[in-house]
> 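The structure follows.
Naming: A, B, ... by sequence-line order, numbering from 1 per chain.
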2 protein chains.
Amino acid sequence: MQDAFSLVPDNGAQAGLLDRIRQLVLGGEFPPGALLPEAYLAQEFEVSRTPVREALKQLQHEGLVEIRPKVGTFVREPTRREIVELFQLKESLEGLAASLMARRGEVPELAVLRRNLADSEEAVADGDKDGYARLVHEFHWAIVHGSDNRKLVEHYERLMNQLAYQRLVLRTVEHPGRIAASTQEHRSVLKMIEHKDPFGAESAMRNHVYASSREALMPESSLNPAPRN
Amino acid sequence: MQDAFSLVPDNGAQAGLLDRIRQLVLGGEFPPGALLPEAYLAQEFEVSRTPVREALKQLQHEGLVEIRPKVGTFVREPTRREIVELFQLKESLEGLAASLMARRGEVPELAVLRRNLADSEEAVADGDKDGYARLVHEFHWAIVHGSDNRKLVEHYERLMNQLAYQRLVLRTVEHPGRIAASTQEHRSVLKMIEHKDPFGAESAMRNHVYASSREALMPESSLNPAPRN
DNA sequence: ACAGCGTAGGTTGCATGCATGAAGCCCGTC
DNA sequence: GACGGGCTTCATGCATGCAACCTACGCTGT
C-alpha cells in the first residue's frame, strides 16, 4: 500500500485530500444522500482510512456531509429552509464586507471591481453567460476580501461551501432581466464604495444580495422568503 | 444548545471528548501558546490518540488551537486584530438575529428577554456582577436563538468560541457606568423587537454590540500579545 | 402471504505500531 | 566565551488490525 518512496509532503497530502474529497462531493460525483465509504475514498486517493476520516470530519463541520455514527458518511442536501437561512447570512456578511471596504478608501480591490464591471458589461454584450457568472462570483469575492477582515472571509468561505450546490442552479435561474438589474446593482455598490459611504454600500449590497437570492430561490418559490425590512 | 437530542451513544463519547478538550482550553488550563500533546490528552481522557487527533482537528477548525504540522497543537491566542474582526462579525450577526426575531412576533424567546431584563435590574441592584454577566450572556443568546435561523446559530457559536477567552476579560472590564448603559440598550433592543420593527431592532442591537465591544477592547494591556516559541 | 427473527455482510470506531520530521541540547572547535 | 554541527528526544502522521454495531436479507413459523 505504501510506496517505498512516498514523496507526499505529509501535511500537503492531507490538506489536498480534504479539497479533493470536497470537489468530489461538490462536483456531483456523489449525489445528495449517497454514502461516502471511507474504504473507497482511501483506495481512490491512495491513503489509509485515517486521514480520510479526518477529512470527512472536517466536511461534516462544513456542513457538506452528515456522519451517522456507526453507519456511514452521507452527502448532505441542504433543505430549502437552510438555503433561505444561508442566504440571509450571506446578505448580512456581504453587507458588512461592503461597509468595511467602503471605509478603507482606495484599495487594490477597488481596481478589481472597476475592471470587473467593465468585463461584465462586455460579457453581457457578447452573451457569454458562463463568463458573466464567473465575473459575478469574482465581484462578490473581491468585496469580501476588500473588507480586509480575515475572520469575515473565513466565515464567508464556510457559507459559500454550503451554498456551492446552489451555485450551479444559480446560473440557470438567471432571467435576462435579472442580469441587467444585477449589473446595475453592482454598479451602485461600487459607486457607494467609491464614495466611501459605508452605510450606502452596505445597504446597496444587501439589496443586491437579497434580490439575487430571491431569484435563486424562485423555482419552487411557494414559500415566502420573508418580507423585507 | 438544548436542541441536540443526541441519541448517539458511541459518538457521544467522542463528542464529549471534544467538549472536554475545549473546556480544558477555554478554562485556561493550558495558557495561550501552550502545547497540547496528543499523548497526554489521550491518557488524561483514557482514549487513544486517534480520537484525540480528530477532536483537535475540530478545534483547529473552530479557531481555538493551531496545528503546526509535525510539531504540535498549540493553544491559539487571538491577536488584537482578530478580536476586532470578530467583534465586527458579532455586531453584524447579532444585528441580523435581532432583525429576524423582530419579524417573528410573539415567540417564546420574547418571554425570556423580558424576564432577563427584570432579573438583570435585580442583579444590578444587588451588585451581583457574576449574575449580571451571566444574564447579559443569556440575553444575547436568546436573541440569536430567537432568530430561528439555525445556520446563524452555528456561525454565532463558532464566533463566540473564538471570543470565549475574552469573555472572561469582559466582566472585569465593565465600568459601572457601562453597566447602566448596557441595560438601557438591552431595553431598547427588546422594545424594538416587541414593536416588530426589524430595522430598529437591528440598529439598536448593532449599536449595543458596538458599544460593548469598544468597552471590551479598551484596555490594551489586558490582551498580552504573548510571543510564542 | 405475511410478520418476526436470526444471521451475515459491510462499515465505522478505536487502539496500536512504526516511520518521519522538527526542535533543542550537548559537545567539540575556534 | 561564542558558535556551529550532529545527535537525541519527542511529537506528530499514517497504516493496519480488530471489535462493535447497524442494516438488510432470507428463513421460518403461522
> Have a look at M101(A) and tell me which of L113(A), L96(A), D148(A) forms a side chain to side chain contact (heavy atoms under 4.5 Å, CB included) with it.
L113(A)

> How long is the line joining CD1 of I67(B) and P of dG21(C), in whole Å?
19 Å

> In terms of side-chain heavy atoms, does S212(B) have a donor or acceptor partner in R178(B) at a distance below 3.5 Å?
yes

> Do T73(A) side-chain and dT12(C) base share a donor-acceptor contact under 3.5 Å?
no

> Measure CD/Q43(A) against P/dA15(D) and give the value in whole Å, please.
13 Å

> Of the options dA15(C), dA20(D), dA15(D), whose atoms approach the side-chain atoms of P51(A) most closely?
dA15(D)

> dT12(C), dA15(D), dT12(D): which one has an atom nearest the side-chain heavy atoms of E38(A)?
dT12(C)

> Map E46(B) and P37(A) onto DNA chain C by nearest heavy atom, then report which one ends up closer to the 5' terminus.
P37(A)

> Could one point to a donor on the side chain of R49(B) or the base of dG13(D) with an acceptor on the other under 3.5 Å away?
yes

> In this structure, how many angstroms lie between the C1' atom of dG13(D) and the CD atom of Q60(B), rounded?
14 Å

> Just the rounded figure in Å: distance from P of dC10(D) to OH of Y40(B).
17 Å

> To the nearest Å, how far apart are L18(B) CG and dG13(C) P?
14 Å

> Side chain of T79(A), backbone of E82(A): donor and acceptor closer than 3.5 Å?
yes

> Indicate, with a heavy-atom threshold strictly under 4.0 Å, whether L36(A) touches base, sugar-phosphate, or nothing.
sugar-phosphate

> Please state whether the phosphate of dA15(C), meaning OP1 or OP2, lies under 4.0 angstrom from any side-chain nitrogen or oxygen of S48(B).
yes

> Among the candidates dT11(C), dT16(C), dG13(C), find the nucleotide nearest to the side-chain atoms of L35(A).
dT11(C)

> In terms of the nearest nucleotide of DNA chain D, which residue is placed more toward the 5' end: V71(A) or T50(B)?
T50(B)

> Determine: side-chain N/O of R53(A) to OP1/OP2 of dG13(C), distance under 4.0 Å, yes or no.
yes

> How many whole angstroms separate atom CG of L17(A) from atom P of dG13(D)?
14 Å

> Can you confirm whether or not the ring centre of H140(A) sits under 6.0 Å from the ring centre of H145(A)?
no

> Can you tell me the distance, in whole Å, between the NZ atom of K70(B) and the P atom of dA23(C)?
12 Å

> Whole Å only: how far is the CZ atom of F45(A) from the P atom of dA15(D)?
14 Å

> Taking the minimum atom-to-atom distance to the side chain of P69(A), which one of dG13(C), dC22(D), dC14(D) wins?
dG13(C)

> Using 30° and 60° as the class limits, which term best fits the ring planes of H208(A) and H186(A): parallel, tilted or perpendicular?
perpendicular

